[in-house]
Amino acid sequence: MTDLTWSVSWETELDDAAHGALAALLARAYTAEADRFTDGRSWVGARPELRVVARAGETPVAHAGVIRRFLRALPDGPDVLVGDVGLVAVDPDRHGSGLGRELMARVVATLVDLDIPFGFVSCGPDVEGFYRAAGWTRLPGVSVRLIDTHHRTRVDPGPAMVHAVGRPLSAWPAATVLARDGQLV
Ligand SMILES: CC(C)(COP(=O)(O)OP(=O)(O)OC[C@H]1O[C@@H](n2cnc3c(N)ncnc32)[C@H](O)[C@@H]1OP(=O)(O)O)[C@@H](O)C(=O)NCCC(=O)NCCS
């Protein structure tokens, strides 16, 4: 992976060509949703605030998006500031080479730089093991209320994963539902 260059870019720093290249990577990684990454559209729900990207030459081969936002910890907990992570993708030709693990390490380093208390991912059960391997912890007994990519409210029972960054994991508020009053990344 010495052939790769890494960048962290704010959304308004990326031009149309950069978004087109990221959309092509995301279409290759998310094959079931490839048609959503057309016309240079490098997002599905909420647009990231910033993106962590690895490139081989000019070509993106790994990507993660981050938005800083508050989750409401229901029923009684305080709101919690997280770096909400999504659009995590590695070029299929490089799967299984440790690139995803390095990507997530760089995401956490980025959250440290942003002075964010926690990283947060809501993912499918099929990739929980990937996040666990990268040091993320599943929140037990928690579902996530969110706005889906069709702008409908729904409850996602799937794994909600957290990573301690600026605060210890013990500071995570007790909750049975985490309300993310915005679209998933
Ligand atoms: C998930 C994804 C990012 C993993 O990238 P990767 O580069 O293949 O992952 P790595 O090679 O760095 O694997 C790191 C560890 O995670 C494990 N892992 C990888 N994918 C996994 C999966 N789907 N389920 C369980 N564990 C997984 C690996 O076995 C490895 O563990 P080990 O080091 O203990 O052996 C990649 O498969 C991908 O882009 N998938 C399509 C998009 C997607 O599903 N993104 C996540 C959406 S929430």
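Whatever order the structure lists ligands and atoms in, that order sets their numbers, starting from 1. When a residue number appears, it is its place in the shown sequence, counting from 1. Given the structure is predicted, the values throughout are model-derived calculations rather than measurements.
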Enquirer: Partners of R101 by salt bridge (charged side-chain N to carboxylate O under 4.0 Å, His left out), sequence neighbours excluded?
Expert: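 Not a single residue meets the salt bridge (charged side-chain N to carboxylate O under 4.0 Å, His left out) criterion with R101.
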Enquirer: Is the closest side-chain heavy-atom distance between L50 and L114 below 4.5 Å?
Expert: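 Answer yes - side chains close enough.
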Enquirer: For a 4.5 angstrom cut-off between non-hydrogen side-chain atoms, does L14 reach L22?
Expert: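 Side-chain contact under 4.5 Å: yes.
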Enquirer: For a quick check: using heavy atoms under 4.0 Å, what are the residues in contact with ligand 1, sorted by chain and number?
Expert: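 Heavy-atom contacts below 4.0 Å: A29, Y30, V88, A89, V90, H95, G96, S97, G98, L99, G100, R101, C123, D126, V127, G129, F130, Y131, A133.
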Enquirer: Show, in sequence, the C-alpha distance, side-chain angles and deciding distance for T137 and R132, and conclude whether the side-chain hydrogen bond (donor to acceptor under 3.5 Å, both in side chains) test is met.
Expert: CA-CA 6 Å; T137 301; R132 279 189 190 277; over 6 Å; no
Enquirer: Is it true that D84 and R180 make a salt bridge, defined as a side-chain N closer than 4.0 Å to a carboxylate O?
Expert: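 Looking at D84 and R180, the cut-off is met.
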Enquirer: Parallel, tilted or perpendicular: which fits the ring planes of F120 and W172, with parallel below 30° and perpendicular above 60°?
Expert: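 Answer is parallel, since the angle falls under 30°.
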